[in-house]
Number of protein chains: 2
Amino acid sequence: MIVTSSIPVKTLERLLLYRWTLKNYLDPENTHIVSRRLSEITGFSPAQIRRDFMSIGYSGSSAHGYKIKDLINAIDKAICPHSAQNIAVAGIGQLGKAVINYIQGRSTLLKIKAAFDNDPEKINKVFHGVRTYHTDEIEKIIRKEDISMAILALPPANAQEIAMNLVNAGVKAFLNYSPIKLNLPEHVYIENRDMLLAVEKIAYFARSLKKGTDENEGIS
Amino acid sequence: MIVTSSIPVKTLERLLLYRWTLKNYLDPENTHIVSRRLSEITGFSPAQIRRDFMSIGYSGSSAHGYKIKDLINAIDKAICPHSAQNIAVAGIGQLGKAVINYIQGRSTLLKIKAAFDNDPEKINKVFHGVRTYHTDEIEKIIRKEDISMAILALPPANAQEIAMNLVNAGVKAFLNYSPIKLNLPEHVYIENRDMLLAVEKIAYFARSLKKGTDENEGIS
DNA sequence: TACTACCTGTGAAATATTTCACAGCAGAAT
DNA sequence: ATTCTGCTGTGAAATATTTCACAGGTAGTA
Ligand SMILES: NC(=O)c1ccc[n+]([C@@H]2O[C@H](COP(=O)([O-])OP(=O)(O)OC[C@H]3O[C@@H](n4cnc5c(N)ncnc54)[C@H](O)[C@@H]3O)[C@@H](O)[C@H]2O)c1
Ligand SMILES: NC(=O)c1ccc[n+]([C@@H]2O[C@H](COP(=O)([O-])OP(=O)(O)OC[C@H]3O[C@@H](n4cnc5c(N)ncnc54)[C@H](O)[C@@H]3O)[C@@H](O)[C@H]2O)c1
């Protein structure tokens, strides 16, 4: 992947988390927030947080900290410059449905416009406002609905082929839940989310922490 | 989180990915692999890969590169020193079932031993060998089954409380799919996996890449 | 044996990322 | 008006992570 982004990936991830946190934190009581408080909530250091806001050109006030509403807008402007973006889900099994259930309606700018599957049982059913099409229709639907992103929740055997079809139809970025290394053109962005790797990772920490202080009766 | 790990987190993540890749790559034809080849597959640089293997004390041969079988064992030894670890899933809805379906049986050392829910319909059902218990039984079951890790697939409203119960029963690490910031003791490891943040991230790249080279008819 | 080709291991350099630490500001209090 | 408090913005320092670049090794070949 060649990325020509001005915001470093790690900063981007933190900004998304700040925005999410701030939206929950904002209410008539909390119109402003200081970096120390945001640090307590998110776990990032106050200096880090100030620098991140500096990097998107947002200034707070030395008396009240950051005005949450404006800050959210500033983050929006930095990471979501323009118009709505449409998403497809490939593979509408248990995972695909969970994805739609969770994502749909949660963002005004990001919308799931179509699902694809090859099980005749599922074609043309509508789930949470998302219609499922046969994978043969990828080309047509992706163009018609102006879809630029896809979430893959397919068995690994077919993921590569379907992903390539999606790329050919115009998809530029993937969130891939299939446990497979996708081989796609350089200009396509792929974010892999393998749950098994995630579990192995936490397993490593669960072990390192076994010896940690703990008020339980000794597991020995 | 205080982590006293000898392996840096990023290295750990790469090691897990190498292991996964190598397991797929290994066959009678491919008994050895060189760093350049592994680089092509994983996208990490050859120097990075060599350094990672150096960091776990595994040496290759200058003629044939790394012996895959031994390398996998070396990674195992570095990141999975000892015995099996047991996992619980909290919230056995669409996502919880997808998790069990995907994880169970995929690793010999990591096993899902129990699920928890509060919907009477689901209690005592067995899914892929995993029995669902009422959340009131967390304390008892976690100790009985010697569970040290949990995957949270609950609605956010209840996730904090359930997580705290799990911690009190002995859980040391979480994979959290609930869109909520968990507030748990310092010695507990939490890995958050919010799909919405992931989608927002790929959306950012889908935009930056729109202008990328591309053989499609111009979307303009 | 001598030569070639290609690989690993690694010190040192280069980059990327985070933290330190403090000047300077803005409101509150007296 | 002056002082006090606590915060931001930021250069500089500290760390963390990645890459460079090459010495030294091993097999294959003649
Ligand atoms: N990375 C993760 O975190 C994670 C978690 C769970 C599952 N998974 C993976 O995601 C995949 C889906 O999981 P699930 O639990 O939803 O499984 P599932 O069996 O419920 O769903 C798979 C769906 O894909 C469809 N499908 C199969 N082949 C297809 C093809 N060629 N074209 C179009 N659609 C096709 C099936 O009809 C089905 O609807 C699994 O293969 C698993 O490997 C990943
Ligand atoms: N981070 C992600 O990637 C992601 C993706 C999808 C869903 N989610 C989140 O995960 C949650 C579950 O998603 P889903 O699609 O499986 O939803 P779901 O409604 O199918 O399942 C939720 C399950 O939790 C159970 N539950 C509810 N309250 C409970 C409680 N107090 N104690 C025990 N169990 C309880 C319900 O009985 C149900 O079985 C959702 O709330 C959503 O926010 C996250």
Side-chain angles (χ1 to χ4, degrees), chain A residues 1-18 21-22 25 30-75 78-79 201, chain B residues 1-18 21-22 25 30-75 78-79 201:
Chain A
M1 252 308 309
I2 296 160
V3 177
T4 44
S5 149
S6 48
I7 302 177
V9 177
K10 288 183 127 183
T11 306
L12 174 65
E13 289 173 353
R14 285 193 302 269
L15 287 170
L16 290 167
L17 190 63
Y18 299 144
T21 305
L22 292 167
Y25 190 76
N30 299 305
T31 59
H32 291 70
I33 193 168
V34 300
S35 60
R36 189 173 39 75
R37 181 80 189 96
L38 191 51
S39 166
E40 286 162 12
I41 304 175
T42 63
F44 304 120
S45 79
Q48 176 91 86
I49 289 168
R50 293 200 297 275
R51 198 167 283 281
D52 286 338
F53 295 159
M54 203 176 93
S55 82
I56 59 167
Y58 186 73
S59 288
S61 119
S62 55
H64 301 120
Y66 301 93
K67 186 167 174 192
I68 297 180
K69 249 178 119 178
D70 292 355
L71 179 48
I72 290 174
N73 286 337
I75 297 176
I79 64 187
K201 180 175 168 187
Chain B
M1 254 308 309
I2 296 160
V3 177
T4 44
S5 149
S6 48
I7 303 177
V9 176
K10 287 183 127 184
T11 307
L12 175 65
E13 288 173 354
R14 284 193 302 269
L15 286 170
L16 290 166
L17 189 62
Y18 298 144
T21 306
L22 292 166
Y25 192 76
N30 299 305
T31 59
H32 291 71
I33 193 168
V34 299
S35 59
R36 189 172 38 75
R37 180 81 189 95
L38 191 52
S39 165
E40 287 162 10
I41 304 175
T42 62
F44 304 119
S45 78
Q48 175 91 86
I49 289 169
R50 292 200 298 275
R51 197 166 283 280
D52 287 337
F53 295 159
M54 202 177 96
S55 82
I56 59 168
Y58 185 73
S59 287
S61 120
S62 53
H64 301 122
Y66 302 93
K67 186 168 176 193
I68 297 180
K69 248 177 120 176
D70 293 354
L71 179 49
I72 291 173
N73 286 337
I75 298 176
I79 65 187
K201 180 175 168 186

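In what follows, chains are A, B, ... by sequence order, proteins preceding strands, each numbered from 1. Just so you know, these numbers come straight off a predicted model, no measurement behind them.
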Next item on the list: Could you state the atom-to-atom distance from CZ of B:Phe53 to P of C:dC7 in whole Å?
Entry: 15 Å
Item checked: Span of DNA chain D in contact with chain B (heavy atoms, under 4.0 Å) -> D:dT17 to D:dA27
Margin query: Taking A:Glu13 first and then A:Lys10, would you say they form a salt bridge - that is, a charged N and a carboxylate O separated by under 4.0 Å?
Written below: no
Checklist line | First of A:His64 and A:Ala47 reached from the 5' end of DNA chain D, by closest nucleotide | finding: A:His64
Item checked: Atom pair CD1/CD1 of B:Ile41 and B:Ile33 - distance to nearest 0.5 Å -> 4.5 Å
Note to self: Nearest 0.5 angstrom please: B:Tyr18 OH to B:Leu38 CG, how far?
What the structure shows: 6.5 Å
Notebook entry, point to check: Mapping A:Lys10 and A:Gly60 onto DNA chain D by nearest heavy atom, which one lands closer to the 5' end?
Noted result: A:Gly60
Notebook entry, point to check: How many Å lie between CE on B:Met54 and P on C:dT8, as a whole number?
Noted result: 14 Å
Note to self: Without decimals, in angstroms, what is the distance between B:Gln48 CD and C:dG9 P?
What the structure shows: 15 Å
Item checked: Whole-Å distance separating the CG atom of B:Leu38 from the P atom of C:dC7 -> 13 Å
Next item on the list: Using the side-chain hydrogen bond (donor to acceptor under 3.5 Å, both in side chains) rule, collect all pairs that involve residues 53-70 of chain A, keeping only residues at least two apart or in two chains.
Entry: none
Next item on the list: Please work out if A:Ser59 contacts a base, only the sugar-phosphate, or nothing of the nucleic acid, heavy-atom cut-off 4.0 Å.
Entry: sugar-phosphate
Next item on the list: Give one of base, sugar-phosphate or nothing for A:Arg37, where a contact means two heavy atoms less than 4.0 Å apart.
Entry: nothing
Margin query: What verdict does the side-chain contact (heavy atoms from CB on, under 4.5 Å) test give for A:Ile56 and A:Thr11, after you've listed the backbone C-alpha separation in whole Å, the side-chain angles of each residue and the deciding distance to 0.1 Å?
Written below: CA-CA 10 Å; A:Ile56 59 167; A:Thr11 306; 5.9 Å; no
Margin query: Categorize A:Tyr66 for me: base, sugar-phosphate, or nothing, with a 4.0 angstrom heavy-atom threshold over every strand shown.
Written below: sugar-phosphate
Next item on the list: May I ask you to evaluate whether A:Ser61 reaches the phosphate of C:dA26, defined as a side-chain N or O under 4.0 Å from OP1 or OP2?
Entry: no
Next item on the list: Give A:Arg51 one of three labels, base, sugar-phosphate or nothing, depending on what nucleic acid heavy atoms sit under 4.0 Å from its own.
Entry: base
Next item on the list: State, yes or no, whether a side-chain contact exists between A:Phe44 and A:Leu17 at a heavy-atom distance under 4.5 Å.
Entry: yes
Check: Within a strict 4.5 Å, meaning less than it, do heavy atoms of the A:Val9 and B:Lys201 side chains meet?
Finding: yes
Notebook entry, point to check: Can a donor-acceptor pair under 3.5 Å be found between the side-chain atoms of A:Ser62 and the base atoms of C:dC25?
Noted result: yes
